[in-house]
2 protein chains.
Amino acid sequence: METKGSRSPAMTDVARLAGVSHQTVSRVLNDHPNVKEQTRLRVRAAIAELNYRPNRAARALVTGRSQLIGVVARNSMLYGPASMLTEFEQAAADAGFAVSVGSVRELDRDSISAVVDRHLDQRVAGLVVIAQVASATEALAEIPADVPVVFIDGDPAAGRSLVTVDQVAGARAAVRHLLEAGHETVWHVSGPTEWFDSAGRIHGWRQTLLEAGREVPPLLSADWSAAEGYRAGQMLARMPEVTAIFAANDHLALGVLRALHERGRRVPHDVSVVGFDDVPEAAYFISAADHGAAVVRRCRPGRPDAVAGSAARGTRGSGHGDRSGTIGGT
Amino acid sequence: METKGSRSPAMTDVARLAGVSHQTVSRVLNDHPNVKEQTRLRVRAAIAELNYRPNRAARALVTGRSQLIGVVARNSMLYGPASMLTEFEQAAADAGFAVSVGSVRELDRDSISAVVDRHLDQRVAGLVVIAQVASATEALAEIPADVPVVFIDGDPAAGRSLVTVDQVAGARAAVRHLLEAGHETVWHVSGPTEWFDSAGRIHGWRQTLLEAGREVPPLLSADWSAAEGYRAGQMLARMPEVTAIFAANDHLALGVLRALHERGRRVPHDVSVVGFDDVPEAAYFISAADHGAAVVRRCRPGRPDAVAGSAARGTRGSGHGDRSGTIGGT
DNA sequence: GCAGGCATTGTTATCGATAACATTTCCCAT
DNA sequence: ATGGGAAATGTTATCGATAACAATGCCTGC
C-alpha cells in the first residue's frame, strides 16, 4: 500500500488518535446510545483531524447488506418514468441510501434478469422495479425472499408491494368528460397493449362506453411516441364520424393533433382530443383552431384514488397517469 | 447466521465442493491465465450447483475500488441530460459497471459536495459529472487524485476530461441559416446564462451577427422550459420588427410558438423560429400558419465538429445541442 | 538422471467495518 | 463498606474476496 500511495485512514487510525477502541469509533459514527459525550467529542475531533471517510464496502461485507437500492427500469425517455426515477432518487438519498440504476432496452425476461443479477451481486438493500409488463414479474422469481421489492406500475392483480395509480379510473374520467361534452362516442389511441398502464386505460375506456350504452369503436394501439400518435391520427383524421379522441399520453396526443391539422380538422371545433400524462410542455401545444380563441385548455376532473400508497403518490410528482387533460377540449 | 437463515455460499464453499483452493475459484471467476481447462470446468460445475453469487462488497474492500461509477447530475427532466444519462448507463453496464446516480436539486457547491461524498464513501471507480455551471467545478476539489472524473457539459475552458459539443458552432449555424433566409437580424431566447451551454450559444449568436455586420438585439434570457419560452415569446410577439428567433432549446421554442400564435403572428409567414435540441416531439409541433402548407419542417445544416470525444458523441445519441432545426423555418 | 524454468495451484495475510461477547467503571441502595 | 445493576468501553471473531508469496508438478535440454 505504501508503495503506491498512502492508505486512507481507517477506523483503527481514528481510534488510536482518540485513545479509544475501534468499536467505540463505530459506536460514535452510528449514533449508538451509551457513549459518553466527552468520548464522543474526542472521537469526532480525531475523525475531523484525519479526514476519515467510512468505507461502505466494509460495512456491507459484515452486515450482508449494502446501502444501495437497485432500480430496474426500461431505457426510456418517457416523461412519467423519468420523473418518477428522479423523485425516487431524492427520497432515497434523504433516507441515506444511494440508488443504483440498471436499465434494460426491452422489458424481456433475460434483460431484466441480467440487471437484477448485477444488483444482487451488490447485495442491494432493496429493489424497485419500474415495470409495466408481465415479463418483469416472471424475471423476478430468483430474488431472495429477504430482499424487499417494490413494483412501480406493475400488475395490479399480482398481489405484490405496488405503487401505481388507478389507470382504469383515470381513463373513465377522461371518457366520461368527453361524453358529457356531447360526443356520441370516444375513440382511443392506446400505448403498447402489453403494458399494464395501457391495459388499464383501454379497460376504463371500453367499460365507460359500454355502461353509457355507446358504441365501442375499434382500438388504435401504438407505442408512447408522438410519431405513433401521428400515424393513428392520420387514420382518424380521415373519418368525419370521429369527434372525440382519448390519447393514452400527451405525446401521442401531440402526434394526433398534427395529423388532424394536416387534414384540416379543427380542434376543438371539429374534434376534441384528451391526453393523459401531465407533461409540462403539453400546456403549450397549439392546435389549429379559430384564431383568437383560447386554444389549449386543461380540463381537470376529480382525482381518482390511487390503488396503494398515497404517500408514494407524492413521490410521483404530478406525473404519470394520475390526471387526464384536454388538449383543445370543449 | 444459522439462526436467521442459511448463509449464501461463498467462494470457500465452491472450493470445497470442487476440491481446489478458494484462490483457484477466484482465478476461474476472473479469467486468470494458467488455469487448466479441466480445473476450470470442475469449478464452474460447483458454482452452478451451489448457485454461487459473488459479493461485490468483499471485492471492493480488498481492491479499494468498487464496480460502481458515480454520476452527479441535476434533478432535471430536461431531454438532453436524461437521454445522456440513459445512454451512459447502458455503456457502463456493457463494461461491467453499475451506475449510482446522485442528483442535486440545485447546482450549488454544497449540494454537489454532498453527492460526491456519498459516491466516495462507496469507493466508486470513477465519477461522471453532468454539470453545466461553474460551481460544480469548485465543489470537486476534494476528489482524490486517483479517482477518474469526466465532465459532461462542463466548462470548455477548464482543461479537464470533458465530453461536450460545440455550442458556439451550433449556434452560429442556426443564426447563419436565418440570415441567409433573408432576415435582417436574429433575436435569441437563451437558457440560464450561468450554464456553459447557454453561454456558448449566446456567444455564437452574438459573434455571427457581429461578423455579418447586423445589429445585435437585446438578449432575452430564460430557463429551459416551455413556460419561460412563452414568457419571452409574449414580448417578441408584440414587436413587428422581430422576424427571426433562435431559441436555445425546443421546449423554449414551443413556448415561443404559442405566444406568437396568441398574437396572430404566423410562423413561418411572419416569423421564423429555430430551436436547438432534437427532442423527438419537436417534429410534431404545430405552428399556426396557412392551411394546407407543410407547416413544420426540419432544416439540417452540416454537423459541427465536437470539441472532444466523437465516440462519446455516439453515447449522446442524437441529443443535446448538436443540431439546430427550424420549427416553421423558411 | 538432473537441473532449470515455467505452468499450475495452494497458503497466509489483508482489507475495514460490525457482531458478539467480555470486562471495567460508576452509581445507588442497604 | 459491600453488593448489584447498569452504563460504558474493550477484545475477539467474522464477513468474502483478492494480493502476495510459497509450493508443487511438468516439461525440456544437457
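Note that the coordinates shown come from a computational prediction; the quantities given were computed from them, not determined experimentally. Convention: sequence-line order gives letters A, B, ...; per-chain numbering from 1.
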Could you give the [atom1]-to-[atom2] distance, from [X] to [N], as a whole number of Å?
X: Arg65(A); N: dA19(C); atom1: CZ; atom2: P; value: 14 Å
X: Met11(A); N: dC15(D); atom1: CE; atom2: C1'; value: 15 Å
X: Leu61(A); N: dC15(D); atom1: CG; atom2: C1'; value: 4 Å
X: Leu29(B); N: dT18(D); atom1: CG; atom2: C1'; value: 12 Å
X: Arg56(B); N: dT18(D); atom1: CZ; atom2: C1'; value: 13 Å
X: Arg123(B); N: dT18(D); atom1: CZ; atom2: P; value: 18 Å

Side-chain N or O of [X] closer than 4.0 Å to phosphate OP1/OP2 of [N]:
X: Arg7(A); N: dG16(C); result: yes
X: Thr24(B); N: dG10(C); result: yes
X: Ser26(A); N: dT18(C); result: yes

Using only heavy-atom distances, determine whether the side chains of Ser103(A) and Gln90(B) contain a donor-acceptor pair under 3.5 Å. yes
I'd like to know if Gln23(B) reaches the base of dA22(D) with its side chain, counting only an N/O donor and acceptor under 3.5 Å. no
base_contact_polar (dT9(D) base, His22(A) side chain, donor-acceptor, <3.5 Å): no
Residues in side-chain contact (heavy atoms from CB on, under 4.5 Å) contact with [X], at least two apart in sequence or another chain:
X: Asn30(B); answer: Ser26(B), His32(B), Arg59(B)
X: Leu41(B); answer: Glu37(B)
X: Arg16(B); answer: Asp13(B)
X: Ala46(B); answer: Val14(B), Leu17(B), Ala18(B)

Can you sort out the partners of Arg123(B) under side-chain hydrogen bond (donor to acceptor under 3.5 Å, both in side chains), two or more places apart, ordered by chain and number? none
Sequence neighbours left out, what passes side-chain hydrogen bond (donor to acceptor under 3.5 Å, both in side chains) with Arg53(A)? Give chain and number order. Asp117(B), Asp121(B)
How large an angle, rounded to 10°, do the end axes of the helix from dG1(C)-dC30(D) to dT30(C)-dA1(D) enclose when each is built from five base pairs? 50°
Can you name the salt bridge (charged side-chain N to carboxylate O under 4.0 Å, His left out) partners of Arg65(B), sequence neighbours left out? Asp146(B)
Those residues of residues 30-53 of chain A lying under 4.0 Å from DNA chain D by at least one heavy atom: Asn34(A), Val35(A), Lys36(A), Thr39(A)
Please name the residue in the list Ile112(B), Asp110(B), Val104(B) that meets the side chain to side chain contact (heavy atoms under 4.5 Å, CB included) test with Asp108(B). Asp110(B)
Most 5' of Arg27(B) and Ala58(B) on DNA chain D, judged by nearest nucleotide: Ala58(B)
